[in-house]
Structure formats: C-alpha cells, structure tokens
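Structure, as structure tokens:
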Number of protein chains: 2
Amino acid sequence: MIGVSFLADEFHVLYSGINMKHKLRQHIEEITPLTDSEFDYILSHFTPKKLRKHQFLVQEGDLVKNDYFVLSGLLKAYYINPDDGKEHILQLAWEDWWITDYQAYFNGTSSTLNIDCVEEVQVLCLSLHNRDKICAELHKMEHFFRRKSNSGYVALQRRILSLLTNTAKERYEQLLSDYPTLFQRVPKTLIASFLGVSRETLSRLSQ
Amino acid sequence: MIGVSFLADEFHVLYSGINMKHKLRQHIEEITPLTDSEFDYILSHFTPKKLRKHQFLVQEGDLVKNDYFVLSGLLKAYYINPDDGKEHILQLAWEDWWITDYQAYFNGTSSTLNIDCVEEVQVLCLSLHNRDKICAELHKMEHFFRRKSNSGYVALQRRILSLLTNTAKERYEQLLSDYPTLFQRVPKTLIASFLGVSRETLSRLSQ
DNA sequence: CCAATAGCGTGATATAGATCACACAAAACC
DNA sequence: GGTTTTGTGTGATCTATATCACGCTATTGG
C-alpha cells in the first residue's frame with residue numbers, strides 16, 4: 001500500500017506539477033519568450049495551492065496577499081450588497097486567467113470581495129512583493145504584466161459599454177457567443193449575476 | 001505689433017510648453033523619479049496638439065494612432081448605438097488623465113468610439129510605436145505604464161460593480177462625491193450618459 | 001439510499017427608470 | 001443683439017426588468 005500510494009503521488013506531482021508549470025510558461029510566452037532558467041526563476045516566486053469546491057480563496061475583510069493564476073477549475077469573485085444581501089459577480093476565472101481582489105491586492109487594503117471555488121481548483125499564488133520583485137529584476141516580466149493589464153483594461157471597457165448600451169438579452173447573447181462552454185460549466189444563476197440580471201429574467205431570456 | 005506678438009508667443013511657449021511639460025513629468029514622477037535627461041528623452045516621443053471645443057480627437061472608423069495625455073481641457077469618449085443613435089459615454093478625461101480608444105490603439109484596429117472636446121483642449125500624443133519604444137528602452141517607463149494600467153483596471157472594476165449593484169441615484173451620488181467639480185464643468189446630459197441614466201431621470205434624481 | 005439543498009422554469013404583480021412631450025433659460029454664433 | 005442651438009426641469013405615460021410565489025428536478029452529502 002505504501003508503494004502504491006507513493007507511485008500515485010509521483011504521478012500526481014508529474015501531472016499537476018510539471019504539466020501545470022508548463023501552463024504558466026505557455027501563458028507568459030504568448031507575450032514574451034523565456035529561457036528555461038528564466039522560467040524556473042520566475043516559477044520559484046509562485047506557490048501552488050489546491051482548493052475544493054466552495055472553498056474561499058479570498059473572503060471579505062481579508063488582507064489580500066496574492067494574485068492567483070488559475071491552472072484548473074473555476075472561481076467567482078463577487079460583491080455582496082450589504083443592503084439586500086444580493087451577490088454580484090465581478091469576475092469569473094478559469095484556466096489561464098488571473099483572479100484576485102485587485103483593489104485590495106495592489107493597495108494592501110482588506111478585501112471587499114469574496115472569491116470562491118465553483119469547481120475544485122488549482123492555482124499558482126503570486127504575492128505583490130514577488131510580483132514587484134520579478135518585474136524589477138526581469139524587464140520581460142514588467143512587460144508581460146503591462147500587456148496583460150492593458151488587455152484586461154480593454155476587456156473591462158467593453159463590459160462597461162455593454163452594460164451601458166445593451167439590453168439584458170443582448171448581453172446574454174454576447175456572453176453566450178463569447179464563451180459558449182461557460183454555460184455548460186456554471187449554473188445560470190451565476191451567469192445572471194455576472195450579467196446584472198435576475199435569474200428569473202435570464203431564464204426567460206434564454207428561450 | 002510684431003514685437004508684441006512675438007512676446008505673446010514667447011509667453012505662450014513658456015506657459016503651454018515648459019509649464020505643460022512639467023505636468024507630464026509630475027505625473028510620471030508620482031510613480032517613478034526621473035532625471036532631467038530621462039524626462040527630456042521621454043518627452044521627445046510626445047507631440048503636442050491643441051483642439052477647439054467640439055473638435056474630434058478620434059472619430060469612429062479612424063485608425064487610432066495615439067494615446068493622449070491631457071494637459072488642459074476636457075474630453076469625452078463615447079459609443080453611438082447604431083440601433084437608436086444614442087450616445088453612451090465610456091470615459092471623461094481632463095487634466096492629468098489619459099484617453100484614447102484603447103481597444104483600437106492597442107490592436108491597431110479602427111475605432112468604434114468617438115472622442116471629442118467638451119472644452120478647448122491641449123494634449124500630448126504618444127504613438128503606440130513610441131510608447132513601446134520608451135517602454136523597451138527605459139524599464140522605468142514600462143513600470144510606469146504597468147502601474148497606470150493596474151490602477152485603471154481597478155477603477156473600471158469599481159465602475160462595473162457600481163453598475164451592477166447600485167441604483168441610478170446611488171451612482172449619481174457616488175460620482176458627485178468622487179468628482180464634485182465635474183458637475184460645474186460639464187452639462188448634466190453628459191453625466192447622465194456616463195452614469196447610464198436618461199437625462200430626465202438624472203434631473204429628477206438630483207433633487 | 002434517502003433527505004436536504006441547489007438549480008431551474010414560470011405565472012402574477014410591482015417598480016425603477018425610459019420615453020414622449022412640453023416650456024423655458026442660457027449659451028453660442030452670425 | 002437677436003436668433004439658432006444647447007441645456008434643463010417636469011408632467012404623463014410606458015416598459016424592461018425585478019420581485020414574489022410556487023412547483024418540479026437534479027445534485028450533493030451524510
């Protein structure tokens with residue numbers, strides 16, 4: 001039994017370690033090429049973490065120590081309106097996305113958001129200190145994060161415009177065409193909350 | 001007369017040149033210190049531009065060559081919904097803000113937005129090529145733009161959350177408390193369009 | 001394997017905010 | 001300096017979407 005367990009662990013390390021590291025490298029190399037040693041160095045600033053479904057990655061009031069790169073699974077970042085207790089989804093993140101409460105992370109303040117796991121999740125954690133360190137040491141990484149942030153900014157502008165100009169139905173159809181697989185992966189309630197519509201209305205829209 | 005005009009121009013250069021350059025330097029140095037020669041070098045990648053009220057900085061369909069740093073005046077970036085012709089304000093920018101159609105600028109595609117001057121405006125133009133150049137040559141600038149982009153990202157997330165969770169009245173009051181001077185500076189119609197409310201509703205809210 | 005919970009659809013009703021339609025005031029412009 | 005144009009307030013409606021209330025189904029967990 002000990003032997004078997006050991007082998008299983010070996011396999012697991014192989015699978016969730018080396019293969020998963022590869023995911024981060026591929027992700028960075030979409031923007032800038034890296035040497036093996038650069039990547040190893042970068043990776044040494046991340047720490048892996050696994051979470052089960054429904055586990056919190058960030059809870060309202062927490063100090064937010066890390067930004068999280070998602071290796072597998074799906075998470076939601078949401079705000080709970082204290083007036084009516086309703087939850088509003090700011091972000092959904094899955095493989096190859098980054099997620100955290102950025103306001104709290106960048107400013108060292110405590111979180112106003114909750115982030116929890118909609119599925120079992122594997123992430124790589126990057127502290128602000130380590131992020132700034134690798135950015136300062138490797139111009140490439142500063143460049144990488146600048147580019148990521150720029151794309152993120154554009155995506156958020158698009159979402160704002162969509163909230164300002166489109167009806168609930170148009171937003172729903174836009175999301176469906178942008179991320180068709182999402183609808184098989186998460187409950188409609190989450191989609192509704194992400195789109196800023198009640199779940200009842202969403203249910204009627206999708207017909 | 002020639003003498004007087006010359007003196008006036010001198011003054012103008014002094015005022016709108018040196019003093020204005022100073023604005024950019026101050027702005028960058030909020031994030032990273034610069035030597036005189038670094039700043040001069042950076043500045044050499046910008047070109048100044050003046051526009052009168054109602055002039056377009058970017059028009060729908062244009063290729064967007066530049067990002068614009070606002071030295072003086074106020075501009076709006078807006079999308080016109082082709083279905084009903086209504087305009088929706090994505091961004092308002094004044095002194096010390098950057099504005100452009102970022103989607104078009106970063107991707108080299110043509111603009112879906114219009115940007116025009118609500119007041120007489122002075123901007124410094126930065127082409128994507130020059131931006132990438134100074135970022136590549138000066139790690140400081142890559143850092144500066146990363147930090148700017150990060151703050152922008154956080155600001156947009158806040159706006160999205162506000163659109164998702166707050167009523168029109170709450171959004172109005174939030175904006176009023178964040179930017180009280182704005183309300184003396186632009187017509188209420190623009191505020192309404194920025195908040196995603198009709199001008200009639202805004203008028204009723206503000207009582 | 002069965003109970004508890006979460007997800008989903010759907011009718012009836014309520015409401016925030018849009019739209020339409022004015023009037024009047026204040027700028028901007030020739 | 002008078003006339004377009006732009007901005008603003010306000011009443012009377014209309015409508016997209018929220019809310020409440022229910023039942024049924026799928027999933028989860030002990």
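Naming convention: chains lettered A, B, ... in sequence-line order (proteins, then strands); numbering from 1 in each chain.
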Can you measure B:D116 atom CG to D:dT6 atom P for me and round it to whole angstrom units? 12 Å
Check every strand shown and say whether B:S203 touches a base, only sugar-phosphate, or nothing at a heavy-atom separation below 4.0 Å. base
Tell me whether the rings of B:W97 and B:W94 are parallel (<30°), tilted (30 to 60°) or perpendicular (>60°). tilted
Could you go step by step and tell me if B:I89 and B:L190 meet the side chain to side chain contact (heavy atoms under 4.5 Å, CB included) rule? CA-CA 7 Å; B:I89 297 187; B:L190 292 198; 3.6 Å; yes
Applying ring pair (Phe, Tyr, Trp, His ring centres under 6.0 Å), can you list everything that pairs with B:F69, at least two apart in sequence or on another chain? B:H27, B:W98
Side-chain donor/acceptor pairs under 3.5 Å, residues 196-205 of chain A, sequence neighbours excluded:
from   : atom 1 : to     : atom 2 : distance (Å)
A:S198 : OG     : A:T201 : N      : 3.2
A:S198 : OG     : A:T201 : OG1    : 3.0

Extract, from 5' to 3' on DNA chain C, the first and final nucleotides lying under 4.0 angstrom from some heavy atom of chain B. C:dG17 to C:dA28
For residues B:S193 and B:E87, report the shortest heavy-atom separation together with the two atoms involved. OG-O, 3.1 Å
May I ask you to evaluate whether B:T189 reaches the phosphate of D:dT6, defined as a side-chain N or O under 4.0 Å from OP1 or OP2? no
Looking only at non-hydrogen atoms, find the nearest pair between A:Q157 and B:L156 and report the distance. CG-CD1, 3.5 Å
In B/S/- notation, 5' to 3', how is nucleotides 15-27 of chain D contacted by protein heavy atoms closer than 4.0 Å? --SBBB-------
Ring centres of A:Y105 and A:Y68 under 6.0 Å apart? no
Quick check with a 6.0 Å cut-off and a 45 degree axis cone: is B:R185 positioned over the face of B:Y179's six-membered ring? no
List the steps, then state whether side chain to side chain contact (heavy atoms under 4.5 Å, CB included) holds for B:F46 with B:N130. CA-CA 8 Å; B:F46 287 79; B:N130 277 345; over 6 Å; no
Does any pair with a residue in residues 148-169 of chain A pass ring pair (Phe, Tyr, Trp, His ring centres under 6.0 Å), and if so which ones, sequence neighbours excluded? A:Y153-B:Y102
Note the angle between the end axes of the helix from C:dC1-D:dG30 to C:dC30-D:dG1, five pairs defining each, rounded to 10 degrees. 60°
Output the rounded distance in Å from NZ (B:K188) to P (D:dG7). 13 Å
